[in-house]
Amino acid sequence: MTLRPIYQQLLAAYGPQHWWPGETPFEVMVGAVLTQNTAWSNVERAIHNLKRADALSPEALLAVPVTQLAEWLRPSGYFNVKAERLRSLCAWLLAAGGVRALAQRETHHLRRELLAIKGVGPETADDILLYACERPVFVIDAYTRRIFSRLGLIEGDEHYEVLRAHFEAALGRGHRNVPLFNEYHALIVFHAKSHCRKRPLCAGCPLAASCRGRI
DNA sequence: AACCAGGAGACAT
DNA sequence: ATGTCTCATGGT
């Protein structure tokens with residue numbers, strides 16, 4: 001596939017992105033839920049509220065009333081919904097034996113468990129698997145659909161699992177690909193936010209060579 | 001002032 | 001299996 005050269009072009013243009021923006025695996029998980037259909041700048045405010053209240057742990061989040069949690073989450077939007085979603089995530093984490101205990105589980109088993117949590121869909125599950133648990137899964141999001149459909153490489157409306165399988169098959173599935181999948185998704189998000197918001201192909205787009213003749 | 005942002009669940013068809 | 005509605009804040 002042409003997915004390798006596209007990655008090289010993005011990396012050459014933007015450099016390493018050092019994802020996920022979060023200091024601990026648990027903070028990554030929280031961020032993955034809070035950023036659902038929400039600008040990251042708003043998520044940062046909510047996470048800052050949690051840190052300021054010294055509440056950024058599964059135990060602390062479960063110890064306070066939902067109304068209090070929702071108040072801390074207010075800047076990230078959907079705060080009532082997300083308060084419940086964080087609680088179900090934390091309840092699962094504690095039942096699983098804590099964040100550290102996740103290392104024992106096999107990736108596919110872990111993925112099914114994550115998807116069983118209310119408020120964790122395919123993308124959030126894969127964010128957690130890749131960026132918190134360092135598992136080799138390729139994250140599909142709205143940016144990925146938009147960019148690669150404009151490049152003519154996918155339709156864009158395929159089911160999530162179809163696209164994930166497609167990208168993973170093209171790039172390889174081994175554990176050695178964790179850094180690649182990490183960087184690739186981060187670059188996709190950065191690229192989508194800097195270029196191509198409205199136009200298919202902008203002046204100075206690092207993917208111009210891959211676009212040529214297709215758009 | 002409409003439109004969008006690193007989705008997911010509930011529900012009807 | 002495929003649409004539609006809802007959830008909500010802050011930036012452009």
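Reminder, nothing fancy here: chain letters follow the sequence lines and each chain counts from 1.
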Between dA8(B), dA8(C), dG10(C), which nucleotide gets closest to the side-chain atoms of Asn42(A)?
dG10(C)
Should the pair Asp157(A)-Arg145(A) be classified as a salt bridge under the 4.0 Å nitrogen-to-oxygen rule?
no
Under 4.0 Å between any heavy atoms, over every strand shown, what does Ala32(A) touch: base, sugar-phosphate, or nothing? Just pick one.
nothing
Counting only side-chain nitrogens and oxygens, does His159(A) get under 4.0 Å of the OP1 or OP2 atom of dA1(C)?
no
Looking for any heavy atom pair under 4.0 Å, which part of the strands does Val120(A) touch: base, sugar-phosphate only, or nothing?
sugar-phosphate
Atom P, compared across dC5(C) and dC3(B): separation rounded to whole Å
15 Å
Rounded to whole Å, please give me the gap between CG in Leu114(A) and C1' in dA8(B).
14 Å
Does Arg45(A) have any salt bridge (charged side-chain N to carboxylate O under 4.0 Å, His left out) partners at least two apart in sequence or in another chain, and if so, which?
none
Interatomic distance where CD1 belongs to Ile140(A) and P belongs to dG7(B) [whole Å]
12 Å
Does Phe167(A) form a ring pair (Phe, Tyr, Trp, His ring centres under 6.0 Å) with Phe148(A)? I'd like the steps, not just the answer.
CA-CA 11 Å; Phe167(A) 276 79; Phe148(A) 287 91; 5.0 Å; yes
Interatomic distance at P, dA1(B) relative to dA8(C), whole Å
24 Å
Donor on one side chain, acceptor on other, His109(A) and Glu113(A), under 3.5 Å
yes
Rounded off to whole Å, could you give me the CG-to-P distance for the Leu73(A) and dG10(C) pair?
12 Å
Would you check, one step at a time, whether the test side-chain hydrogen bond (donor to acceptor under 3.5 Å, both in side chains) holds for Asp141(A) with Thr144(A)?
CA-CA 5 Å; Asp141(A) 67 343; Thr144(A) 310; 2.5 Å; yes
The answer to which of Arg45(A) and Thr38(A) contacts DNA chain C further toward the 5' end, by nearest nucleotide, is Thr38(A)
Round to the nearest Å and state the distance from Glu84(A) atom CD to dA10(B) atom C1'.
15 Å
Please classify the nucleic acid contact of Ser76(A) as base, sugar-phosphate, or nothing, using heavy-atom distances under 4.0 Å.
nothing
Does Asn80(A) make a side-chain N or O approach to OP1 or OP2 of dA8(C) shorter than 4.0 Å?
yes
Length of the line joining Tyr78(A):OH and dA5(B):P, which is rounded to integer Å
11 Å
Picking from dC7(C), dA8(B), dT9(C), which would you name as closest to the side chain of Pro75(A)?
dT9(C)
I want to check one thing: is the phosphate of dG7(B), taken as OP1 and OP2, less than 4.0 Å away from some side-chain N or O of Thr35(A)?
no
Closest to the 5' end of DNA chain B, once Asp141(A) and Leu115(A) are matched to their nearest nucleotides, is Asp141(A)
Could you state the CZ-C1' distance from Arg85(A) to dA8(C), rounded to the nearest angstrom?
12 Å
At under 4.0 Å between heavy atoms, what does Val81(A) touch on the DNA or RNA strands: base, sugar-phosphate, or nothing?
sugar-phosphate
The residue, Ile117(A) or Pro21(A), whose nearest nucleotide of DNA chain B is more 5′ is Pro21(A)
Are Arg146(A) and dC4(B) close enough that a side-chain N or O sits under 4.0 Å from OP1 or OP2?
no
Gly15(A) backbone acceptor or donor facing Gln17(A) side chain under 3.5 Å
yes
Just the rounded figure in Å: distance from P of dA8(B) to OH of Tyr160(A).
8 Å
OP1, OP2 of dA10(B) versus side-chain N and O of Lys118(A): anything below 4.0 Å?
yes
Could you tell me how far apart Asn37(A) (CG) and dG9(B) (C1') are, to the nearest whole angstrom?
13 Å
